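Right, one structure below, let's go through it.
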Amino acid sequence: MSSHNNTATANDPRQPSAAKAFVAPMVSPQDLPVDYSGFIAVILGVAGVMFRYKLCSWLALIFCAQSLSNMKNMENDLKQISMASM
């Protein structure tokens, strides 16, 4: 069995010296995907205010909190976060 392992490593076509570590590509802020939970929060908030649906208002608050928790950019200041939550 050990001779089989030696022949397997000798005939291995892979080259470990040519392997490269994965580097994630840099994505510009303009190319980030759309924040769907923020968009849904706006739509539900407008529907809750216009039609006086409490369920829409509560769902808007939940989606707004989800959108705020999913913010990736930690450079957002307090003003941006407060305006997004309003």
Side-chain angles (χ1 to χ4, degrees):
M1 189 77 165
S2 64
S3 64
H4 178 66
N5 287 339
N6 289 338
T7 58
T9 57
N11 294 330
D12 192 4
R14 296 176 290 184
Q15 299 174 350
S17 61
K20 298 178 187 174
F22 174 75
V23 178
M26 296 300 294
V27 178
S28 68
Q30 290 83 15
D31 295 337
L32 289 175
V34 177
D35 183 20
Y36 289 110
S37 57
F39 180 70
I40 292 172
V42 169
I43 298 298
L44 288 174
V46 169
V49 168
M50 288 181 64
F51 304 124
R52 297 180 187 244
Y53 291 152
K54 288 185 181 180
L55 180 64
C56 288
S57 300
W58 282 110
L59 288 175
L61 285 173
I62 291 170
F63 277 106
C64 181
Q66 179 184 359
S67 175
L68 289 174
S69 67
N70 286 338
M71 278 188 179
K72 303 248 188 236
N73 189 2
M74 290 302 165
E75 296 174 359
N76 290 332
D77 58 348
L78 182 61
K79 184 179 177 182
Q80 285 179 325
I81 293 174
S82 63
M83 294 309 282
S85 63
M86 287 184 188

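Remember, it's a predicted structure, so these values are computed and weren't measured experimentally. One-based numbering along the sequence shown.
- In terms of heavy-atom proximity, P25 sits nearest to F22 at CD-CZ, 4.4 Å.
- Under a hydrophobic-cluster definition in which Ile, Leu, Val, Met, Phe, Trp and Tyr are linked whenever side-chain heavy atoms come within less than 4.5 Å, directly or via other members, V49 and F51 are assigned to different clusters.
- Taking CZ of F39 as the reference point, atom CD1 of I43 lies at 4.0 Å (rounded to 0.5 Å).
- Cluster membership check: I40 shares its hydrophobic cluster with L59, using side-chain heavy-atom separations under 4.5 Å among Ile, Leu, Val, Met, Phe, Trp and Tyr.
- Residues S37 and F63 come closest through the heavy atom pair O-CB, 3.5 Å.
- Of all heavy-atom pairs spanning A60 and G45, the tightest one is CB-N, 3.5 Å.
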